[in-house]
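Taking it in order: structure first as structure tokens, then the write-up.
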Number of protein chains: 2
Amino acid sequence: MKSFSIFVDLKNPQRRRMQGANWQKNMKLKEFAEKVGLSPTTVSRALGGYPEVREETRQRVMQAALKYGYLPNANAVRLATGRAGAIGVVMGRSGGGHFFSEFMGGMATRLEREETDILVSVTVDNNLDEELAIFSRLAASGRVDGIIVHSPRPEDERIALLNRLGVPFIVHGRSKTPFEHAWLDIDNHDVTYRPTIHFLERGHRRIALINGPVGRTFVRDREQGFREALATHGITPDPRFMMNEHFSEETAFRFARSLLEQTPRPTAFVAGAMMTAQGVYRAATQMGLTIGKDVSVIAHDDVFPYLTPESMMPPLSTTRSPMRMAGIRVTDLLLQIIGGRPVREVQELWPVELILRESVGPA
Amino acid sequence: MKSFSIFVDLKNPQRRRMQGANWQKNMKLKEFAEKVGLSPTTVSRALGGYPEVREETRQRVMQAALKYGYLPNANAVRLATGRAGAIGVVMGRSGGGHFFSEFMGGMATRLEREETDILVSVTVDNNLDEELAIFSRLAASGRVDGIIVHSPRPEDERIALLNRLGVPFIVHGRSKTPFEHAWLDIDNHDVTYRPTIHFLERGHRRIALINGPVGRTFVRDREQGFREALATHGITPDPRFMMNEHFSEETAFRFARSLLEQTPRPTAFVAGAMMTAQGVYRAATQMGLTIGKDVSVIAHDDVFPYLTPESMMPPLSTTRSPMRMAGIRVTDLLLQIIGGRPVREVQELWPVELILRESVGPA
DNA sequence: TTGAAAGCGTTACCAG
DNA sequence: CTGGTAACGCTTTCAA
């Protein structure tokens, strides 16, 4: 493992002494307890909902807390309990933009009744040292009780680091690191395998793949699924029919158009995301080709509220797996791990459902 | 102001006593100081970068920290200093999905060299009590040093609450609350006014508006800009030509199609977001109408990496204002406010630039 | 320039 | 069931 500075914060050694918050802080427990006429201990227990206080007492305390607007200081609680009351999630600066908010919506849904915050960190892409420093800081400084790692690489140093630090974490996606760890992933192999097989069965032979940036496990898995599907029919994929880029409407459009201009052109596209499917639609339409007839498309859909495959023209066939659901479940599992559940038990592979709509036709 | 429960967390009074983290925690300051052969005091000062320690000593301490992997416990620091080292941002559960990640990317960019975390809270839409409780909890419990409020309403109780609590905050958007507060907003009036004026000058008279959900200030401002622009030509807008929905491709498509089926149909659309412009494009294309000729479109663009107006067919005219920039600046301003800058000085209205591309033609 | 000791605001242990 | 007291791990006077 490479060495790196943990002190991302301390690059600038000369610092002025900062004053604490200058706004009116909350009432303290001691002060509040006096008003209620009980000891801080009892008040703390009453508010904490512990069984050893009389129900009547608890009611009185709760009422008073509401009345005076008392709320325990989170940082004191954290220090005293050793719990951070937060889980960290790390997003890449550029990658994952549009689905990230769906995932986080899921996280929030799961945490709604929990007294746990979401702490978001953003890594600078392609700077491993800094990325590792962020994870270090997050874990070792006690800011979070657990961490969610996105879009892992097959050999992911972040996972090795977290494993070494001993902080509870779960990987959204998969890697091949030898360290035992918790993960949840959709079946990215099937995300391409099943659409490709379907295309093959309908007679397609020239099938293109729009894939994500090289390096991530899910990209590798999807390529492998694609290759394996083609292999069942003795086809070796043409490298020019495979794209590796960040998912965007425009790159997909360019790629699709350049392919559709060729002779012979591909008759089917496996698209990695909704946006890229839109790009293919646009390219085909522009060239006077009809989706579902001249060109077939199946895309993976993370399910967004603002862009639904059913409403596309024609309705887009998809492998569907709501990112929001993943956010809920990943969070749930992480909480279990924090609670002590062995990570070896926490490994979930979610199947994807292939939903056929009108964007697919015979070759 | 309505009353509400601060104790969102305590709905369930009977709770088990939870144990603290069960993973190996970091080395403590005391322990680390012993290894270095200095007092905790000096070590703390050295790591904190304060001027009173000898440079040589500091170097020695820094080296040792790296070597032993020592990192101060964040919660102890927070308690001791009174600073939370985090700023909170609140997103609506459904709203703001796709642009939220851009905004947060901007926040992260600004905070990169700061030792400040981003704490994300998610509110349940249309439940004011719970929403206020979330803000209360965030502010009064000392979890954050400041808060960012999104998509305010003209009379926004959240602002009143934060104002009352005294926590530093900044509003991304505007409201009409009488409380003096910091805000940054784009000129939403111009977001519709300028496109509409442009349409009028090119001879358009039947202009449709795709607007956001009623209740938010930006929606009101945009409607007003639209109305004012039309008024300059003595036009009273047809209510059927105005849509108020969450921005999505599909709703915009439906709306546009239903209007384009009418006689006479609108010749121009002012769209509130990129996604809705796509919906209009699709509707027009489906009906055999040509964008930029039969139907003109100008949309507001928050600037996403995965969907660019230049690459649309034809290139889309936009009012442009990068959400990422807003994220950077809002965060920057909030830090200033936390640092003591008077809020009356912190009020920024950003102009939008109208960028004409080929989606606009004469009526 | 360094160190001892007193907080910071809670919770948790142990008596009563 | 309730209360005193010692942590929790660090920063910050105040002395030296």
Side-chain angles (χ1 to χ4, degrees), chain A residues 9-10 15-21 25-34 36-61 65 68 70-85 115 140-143 145, chain B residues 9-10 13-21 24-34 36-61 65 70-85 115 140-143 145:
Chain A
D9 309 339
L10 302 176
R15 197 166 39 158
R16 283 182 316 153
R17 196 151 242 132
M18 292 201 288
Q19 59 180 356
K25 282 300 180 66
N26 228 11
M27 181 182 283
K28 328 278 177 216
L29 172 58
K30 190 179 168 195
E31 183 184 352
F32 173 62
E34 275 171 14
V36 195
L38 286 166
S39 74
T41 308
T42 305
V43 170
S44 171
R45 281 194 279 240
L47 256 31
Y50 295 113
E52 59 263 45
V53 295
R54 207 195 322 162
E55 185 52 32
E56 180 199 321
T57 309
R58 183 203 320 292
Q59 288 303 332
R60 188 155 58 92
V61 174
Y68 295 111
Y70 170 74
L71 209 54
N73 178 296
N75 299 319
V77 173
R78 287 164 172 159
L79 181 57
T81 60
R83 267 175 277 127
E115 41 198 308
S141 69
R143 292 174 144 72
D145 296 316
Chain B
D9 311 337
L10 303 176
Q14 291 299 330
R15 195 167 41 157
R16 284 182 315 150
R17 194 153 243 131
M18 292 201 290
Q19 59 181 355
Q24 177 60 42
K25 281 303 180 65
N26 228 10
M27 182 182 283
K28 328 279 177 215
L29 172 58
K30 189 179 168 194
E31 184 184 351
F32 172 61
E34 275 170 15
V36 195
L38 286 167
S39 73
T41 310
T42 305
V43 170
S44 171
R45 282 194 278 239
L47 256 32
Y50 296 114
E52 58 264 41
V53 296
R54 206 194 324 164
E55 186 52 32
E56 180 199 320
T57 310
R58 185 204 317 294
Q59 288 304 331
R60 187 153 59 92
V61 174
Y70 171 72
L71 209 53
N73 178 295
N75 299 318
V77 173
R78 287 165 172 159
L79 181 57
T81 61
R83 266 175 279 127
E115 42 197 309
S141 69
R143 292 174 145 72
D145 296 314

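Order of the sequence lines sets the chain letters (A, B, ...), proteins ahead of strands, with each chain counted from 1.
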Restricting both atoms to N or O, compile the protein contacts to nucleotides 4-7 of chain C shorter than 3.5 Å, with distance only.
residue: C:dA4; atom: N7; partner: B:T41; partner atom: OG1; Å: 3.3
residue: C:dA4; atom: N6; partner: B:T41; partner atom: OG1; Å: 3.1

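Across the protein-nucleic acid pair, B:M27 atom CE and D:dC10 atom P stand 11 Å apart, rounded to whole Å. Between the C1' atom of D:dC8 and the CZ atom of B:R78 lies a distance of 15 Å, rounded to the nearest Å. The interatomic distance linking A:E52 (CD) with C:dC14 (P) rounds to 14 Å, in whole Å. For A:L47 and C:dG9, the CG to C1' distance is 14 Å, given to the nearest whole Å. Whole-Å rounding puts the A:R60 CZ to D:dC1 C1' distance at 13 Å. In this structure, CG of A:N75 is placed 13 Å from P of D:dT11, rounded to the nearest angstrom. If you take CZ of A:R83 and C1' of D:dG9, they are 17 Å apart, rounded to a whole angstrom. Whole-Å rounding puts the B:R143 CZ to C:dG9 C1' distance at 14 Å.
Between D:dT12 and B:Y50, a contact under 4.0 Å exists linking OP1 or OP2 to a side-chain N or O. Side-chain nitrogen and oxygen atoms of B:T57 include none within less than 4.0 Å of the OP1 or OP2 phosphate oxygen of C:dT1. For C:dT1, neither phosphate oxygen OP1 nor OP2 lies less than 4.0 angstrom from any side-chain nitrogen or oxygen of B:T42. Taking 4.0 angstrom as the limit, B:S44 places a side-chain polar atom (N or O) nearer than this to OP1 or OP2 of D:dT11. For C:dT10, one of the phosphate oxygens OP1 or OP2 lies less than 4.0 angstrom from a side-chain nitrogen or oxygen of A:Y70.
Among the nucleotides D:dC1, C:dT2, C:dG9, the one closest to the side chain of A:N73 is C:dG9. Comparing atom distances between the B:L29 side chain and each of D:dC10, C:dT1, D:dT12 picks out D:dC10 as nearest.
For B:K30, the side-chain contact (heavy atoms from CB on, under 4.5 Å) test picks out B:E34, with sequence neighbours left out. Residues that satisfy the side-chain contact (heavy atoms from CB on, under 4.5 Å) test with A:S44, not counting sequence neighbours, are A:L29. Remark: B:T42 engages B:S39 in a side chain to side chain donor-acceptor pair (under 3.5 Å) (not counting sequence neighbours). In this structure, the side chain to side chain donor-acceptor pair (under 3.5 Å) partners of B:S141, at least two apart in sequence or on a different chain, are B:R143.
Of the two residues near DNA chain D, A:L79 and B:V43, the one whose nearest nucleotide lies more 5' is A:L79. For A:K30 and B:L38, each mapped to the nucleotide of DNA chain C holding its nearest heavy atom, the one lying further toward the 5' end belongs to B:L38.
Put simply, CD on B:E55 and CD on B:Q59 are 5.0 Å apart, with the number rounded to the nearest 0.5 Å.
The backbone N or O of A:N73 sits nowhere less than 3.5 Å from a side-chain atom of A:N26 that would complete a donor-acceptor pair. With hydrogens and angles disregarded, a donor-acceptor distance shorter than 3.5 Å links the side chain of B:D145 to the backbone of B:G85. The backbone N or O of B:E52 lies less than 3.5 Å from no partner atom in the side chain of B:R45, so there is not a single donor-acceptor pair.
For the pair B:L47 and B:F32, the minimum side-chain heavy-atom distance is below 4.5 Å.
The terminal axes of the helix from C:dT1-D:dA16 to C:dG16-D:dC1, fitted over 5 pairs per end, subtend an angle of 30° to the nearest 10°.
Closest of all the heavy-atom pairs between A:L79 and B:A76 is CD1-CB, 3.8 Å.
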